[in-house]
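The next block holds one structure in the form of structure tokens; read it before the comments.
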Protein chains: 2
Amino acid sequence: MEYNDKQVQIMEMAEILFAEKGFNGTSVRDIAEKASVNLAMISYYFGSKDKLLEALFSYRGESIKLKLESMIENKELGSMEKMNWLIDHYIDKVMSQQCFSRIMAREQVMNHTSAIAGLIFQMKKRNQELISKLIHEGQKKGEFKKSIDVPLMMATLIGTANSMVTTQHYYREINNLQSLTDEEFHKHIRKKLSQHLKKIFKAILTNEE
Amino acid sequence: MEYNDKQVQIMEMAEILFAEKGFNGTSVRDIAEKASVNLAMISYYFGSKDKLLEALFSYRGESIKLKLESMIENKELGSMEKMNWLIDHYIDKVMSQQCFSRIMAREQVMNHTSAIAGLIFQMKKRNQELISKLIHEGQKKGEFKKSIDVPLMMATLIGTANSMVTTQHYYREINNLQSLTDEEFHKHIRKKLSQHLKKIFKAILTNEE
DNA sequence: GTTTAAATCAAACATTTGTTTAAATTTGCC
DNA sequence: GGCAAATTTAAACAAATGTTTGATTTAAAC
């Protein structure tokens, strides 16, 4: 799907508001004002508020897909290297699309009947399959141990990253990092998160006992 | 704060609806119908819909506080034992109060200006302090290693547990556990989560390198 | 310059929202 | 039974909601 400038502007302003106040907490008038367009333009371009959210998901979902697959097929990388790459890739995605990550985190908690729930389920399933593939490959090569619970691992990857994104202001306060610029602070979080998750995954994937 | 039967009924039905459809997605009429009370009773007892949510938080927040402190003071347990106890305690709380956990998970993502945000911050800070205390004790005794990022650890504990609660239906489907009763399934998740998190925490707290 | 379609706008639409009112009913107490 | 307070009710309230309308402006094509 292609979107023109005005549509993109509406989606991106809506994204900010949805992240901040929730889908139901944001009115189409809020969105129209923030995007500096007339109220009716939202229905005109997207049909409805619900469809606007769906459009946002398709807009943001677009960018993710491709890189993962080609990385997994790469024969030159070891399984643990791939895993670490995947961790960094995921952190990157979450940190650079924080608003969208928040929306997803919230919508996941919601009722499982909406159109959005279906989209999220698709994404989740895709990722699950890719990671499973990676892990089985690592097990075959003897780099990973035998019994690994993939959904639990994903819960830790996704849950930890989401939790950090949604509570980063606590983190900043507690660690006295107010002197850093936003950019420096985000870089700091990325690095810490990356180290943390890699250590965890190494323990889960290799430590026998 | 003491609540009479009718107030409790309203709060518990509201809890279910908030968890399912979100705070803003739930109308006071929905709540009144589900709780089988007249619409006006909600304002009568709680003042407003916002105050009802606050009441729910105070109602659910009450039960948590005490046990943790006495456990931490216990001199007979090793630091790692305490940590494991804490993990199981937290899993228990999340699994037995799933609706409330969902609400908290969602409200955390929201704007940080509401009255609820303050309550959540308080809870978070309390827990953080207790865990820090536990960890420093373990470090003093030489059971834990030196550099540990407590907020990151909490993000993993809370994030993983939340993620499992909110996506348990995926987990059930993927692992072909539909034949289990709900109770059996929850027991299964608890056990898996417990093993998983204990292994992670052991790795984080003790593995030097 | 005229024509046709797309874009923009203010206004209005019907619902739904949270809350209040004021009357009716129930309850506990003497 | 009679009284006062607490509870419950249906109705009404104003404000906010998502969406549509129909007129007006802009842009593009010929």
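Throughout, protein chains are lettered first and strands after them, A, B, ... in sequence-line order, and every chain is numbered starting at 1. Just so you know, these numbers come straight off a predicted model, no measurement behind them.
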Whom does D/dC30 pair with, Watson-Crick or G-U wobble, provided both distances fall under 3.5 Å?
C/dG1
Phosphate OP1/OP2 of D/dT19 contacted by A/S48 side-chain N/O (<4.0 Å)
yes
Whether A/H188 and A/Y171 hold their rings parallel, tilted or perpendicular, with breakpoints at 30° and 60°
tilted
Please tell me if B/Y45 has a side-chain N or O lying less than 4.0 Å from either OP1 or OP2 of D/dA6.
no
So which of A/R190, A/K93, A/K198 actually passes side-chain hydrogen bond (donor to acceptor under 3.5 Å, both in side chains) with A/D88?
A/K198
Select from A/G25 and B/K6 the residue whose nearest nucleotide in DNA chain D is closer to the 5' end of that strand.
B/K6
If you look at every strand shown and take non-hydrogen atoms under 4.0 Å, does A/L39 touch a base, only sugar-phosphate, or nothing?
base
If you check the B/R29 side chain, which of C/dA11, D/dA12, D/dT9 turns out closest?
D/dA12
N or O in side chain of B/Y44 less than 4.0 angstrom from D/dT7 OP1/OP2
yes
Distance-only side-chain donor-acceptor flag, B/E15 / B/Q97, under 3.5 Å
no
Give none if C/dT19 has no partner; otherwise give the nucleotide forming a Watson-Crick or G-U wobble pair with it, both distances under 3.5 Å.
D/dA12
Measuring only between side-chain heavy atoms, which start at C-beta, is A/M11 closer than 4.5 Å to A/R60?
no
Separation of D/dG18 P from B/N24 CG (nearest whole Å)
11 Å
Would you say a side-chain N or O of A/N38 is under 4.0 Å from OP1 or OP2 of C/dA10?
yes
With a 4.0 Å cut-off on heavy atoms, is A/S43 in touch with a base, just the backbone sugar-phosphate, or nothing at all?
base
Could you give the CD-to-C1' distance, from A/Q7 to C/dA6, as a whole number of Å?
12 Å
